[in-house]
Amino acid sequence: MSSIETLYITFFTTGFFVGFGHCIGMCGPIVVSFSLNLRAKGVMAPNLLYHAGRITTYAVLGGIMGASGAFTRITAGIGGLQKGVMIFAGLMIILMGLGMSGWVPLGRIFGNYYNSEGVIYRGFRKLSGIESTASYLPLGMLLGLLPCGPVYTALVAAARAGMEIQNSFKAVLVGMGLMAVFGIGTVPALLMVARLTGMGWLRSRGMIYKIGSVLMIAVGIYFVVKGIRF
Amino acid sequence: MLTSGVKKVIHQGRMAFLQGGGVSRMLFIGMFLLFMVTHGVPVQGAEGDPSALVNCDIQHTSCTQELSDTQVILDISPKPVKAMSDLKFRIILTGKQPVAPPYIDLGMPGMKMGPNRVPLKSVGNGVHEGTGIIVRCPSGKKVWKAMVTVPNMGTAEFIFDVIY
């Protein structure tokens, strides 16, 4: 087995174990927020689209790292954008929590069933002009930029792998491939969280739903504060 | 390896989940989450306050630990040691020398960050150098550890604060 093949396996297993060991805690709240906003039987497709978007962003970043080998320069360049994405994610989770609670007439965003009278829903539809489920793909691409320790670590390794390859085009492909398999590795843990959250019996309990709304708002505030301080 | 007892519990839980009512399902999910927490998911801060584990003032000086008959000295430059910047790692080994160059694995206590290895090259007189990056964790935790592995001798763990 070549060293590159070994790297692919390493990146996948890293993603898999980091998924259960880190992503559930750090990115799980986002997946939970999405899933609570979806119909019980429609959780998987939007989540898969979200992850596809996230993996696409990882792959693009991996390609850039592989080609340039300049981790610090590139991450410094996108630092402001990442800060903005983190604040955006926090605000989105807060709005989803408020919308889900029913305490304010916001309607649901990023769901596959909506209160068509909702202010947020109408605004989002106008803004995006795309069907709700499909919106998870660009959303995943955007949130793939969220600052994340294990993603940074994988990017460092992708940059290092790229530096050892003389052919620039091959370095791009290797960087993309490594980050893509890393992202794929993180999917099972987050899908499991989505599946658990999406269970009908859980969602049918009003009290759990209300508690979920409050937790979402708290998590959203946490994201915003962390984003401002990042 | 799952024991037959664990398999039996999983089977019973599965049957309860499929056939039972809300309470059984909730118990099954509770058991599942408990299993994840105890077997796979290191909860953030599970090892307590990570700052209590700090054993190295890397921001101001180099740090030393004993490993078998060898002193392992770690230094990181430039100072202050900042995350998300190119850092030079230097290991000085005094006494018995290893059969192969040492290497450093960077991580955080109590939080899985993925493998981040700094390979080192010998520059003579027991000095080994390499470059690496300590990444930034959005959780805000700033305590990092460098596991210095010296082949055939063992691993020395340096835990220190990093500036974000």
Side-chain angles (χ1 to χ4, degrees), chain A residues 7 10-11 13-28 70-76 79 82-83 85-86 89 146-157 159-160 163 182 185-186 189 192-193 195-197 199-202 204-205 208 222-223 225-227 229-230, chain B residues 16-18 20-33 35-46 78 82-88 103 105-119 130-144 162 164:
Chain A
L7 266 182
T10 305
F11 269 64
T13 50
T14 298
F16 184 82
F17 288 112
V18 156
F20 283 99
H22 188 107
C23 300
I24 285 181
M26 300 299 284
C27 303
F71 173 84
T72 49
R73 208 172 59 228
I74 290 162
T75 49
Q82 289 190 300
K83 187 184 174 95
V85 169
M86 199 165 186
L146 274 173
C148 169
V151 172
Y152 285 143
T153 306
L155 287 171
V156 169
R160 191 166 278 156
M163 284 165 72
F182 169 81
T186 62
M192 187 197 73
V193 172
R195 194 77 189 94
L196 285 176
T197 314
M199 285 180 169
W201 64 270
L202 175 70
S204 64
R205 280 157 176 76
I208 291 175
Y222 173 84
F223 267 72
V225 171
K226 287 288 176 191
R229 293 171 63 180
F230 187 72
Chain B
F17 181 71
L18 293 172
V23 175
S24 302
R25 287 172 183 166
M26 206 168 294
L27 274 174
F28 173 72
I29 296 294
M31 280 167 56
F32 180 71
L33 289 175
F35 178 83
M36 289 309 302
V37 167
T38 52
H39 289 76
V41 184
V43 178
Q44 198 174 329
K82 288 184 178 176
M84 306 299 277
S85 61
D86 293 307
L87 299 168
K88 186 173 175 182
Y103 54 84
D105 287 311
L106 298 167
M108 290 182 86
M111 192 179 279
K112 284 194 168 104
M113 299 297 284
N116 185 356
R117 179 164 292 182
V118 182
T131 55
I133 296 163
I134 295 172
V135 301
R136 183 176 180 172
C137 180
S139 71
K141 291 186 186 295
K142 297 173 182 173
V143 178
W144 277 78
V162 173
Y164 283 171

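Protein chains get the first letters and strands the later ones, always in sequence-line order, with residue 1 at the start of each.
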Taking only distance into account, with no hydrogens and no angle test, what donor-acceptor pairs under 3.5 Å do side-chain atoms of residues 130-137 of chain B form with protein atoms, sequence neighbours excluded?
none

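Of the listed residues A:F71, A:F182, A:F11, the one with more heavy-atom pairs under 4.5 angstrom with chain B than any other is A:F71. Ranking B:G140, B:A83, B:G114 against chain A, the residue ahead of the rest is B:G114, based on heavy-atom pairs under 4.5 Å.
Here CZ of A:R160 is found 6.5 Å from CG of B:N116. Values are rounded to the nearest 0.5 Å. The CE atom of B:M84 sits 4.0 Å away from atom OH of A:Y152, with the distance rounded to the nearest 0.5 Å.
Side chain of A:T153 to main chain of B:M113: a donor-acceptor pair is present (N/O by atom type, distance under 3.5 Å, no hydrogens or angles).
When all heavy atoms are compared, the tightest approach of B:P138 to A:G149 is CD-N, 3.7 Å.
Within a 6.0 Å radius of NZ in B:K82, other residues, nucleotides and ligands contribute 12 heavy atoms or fewer.
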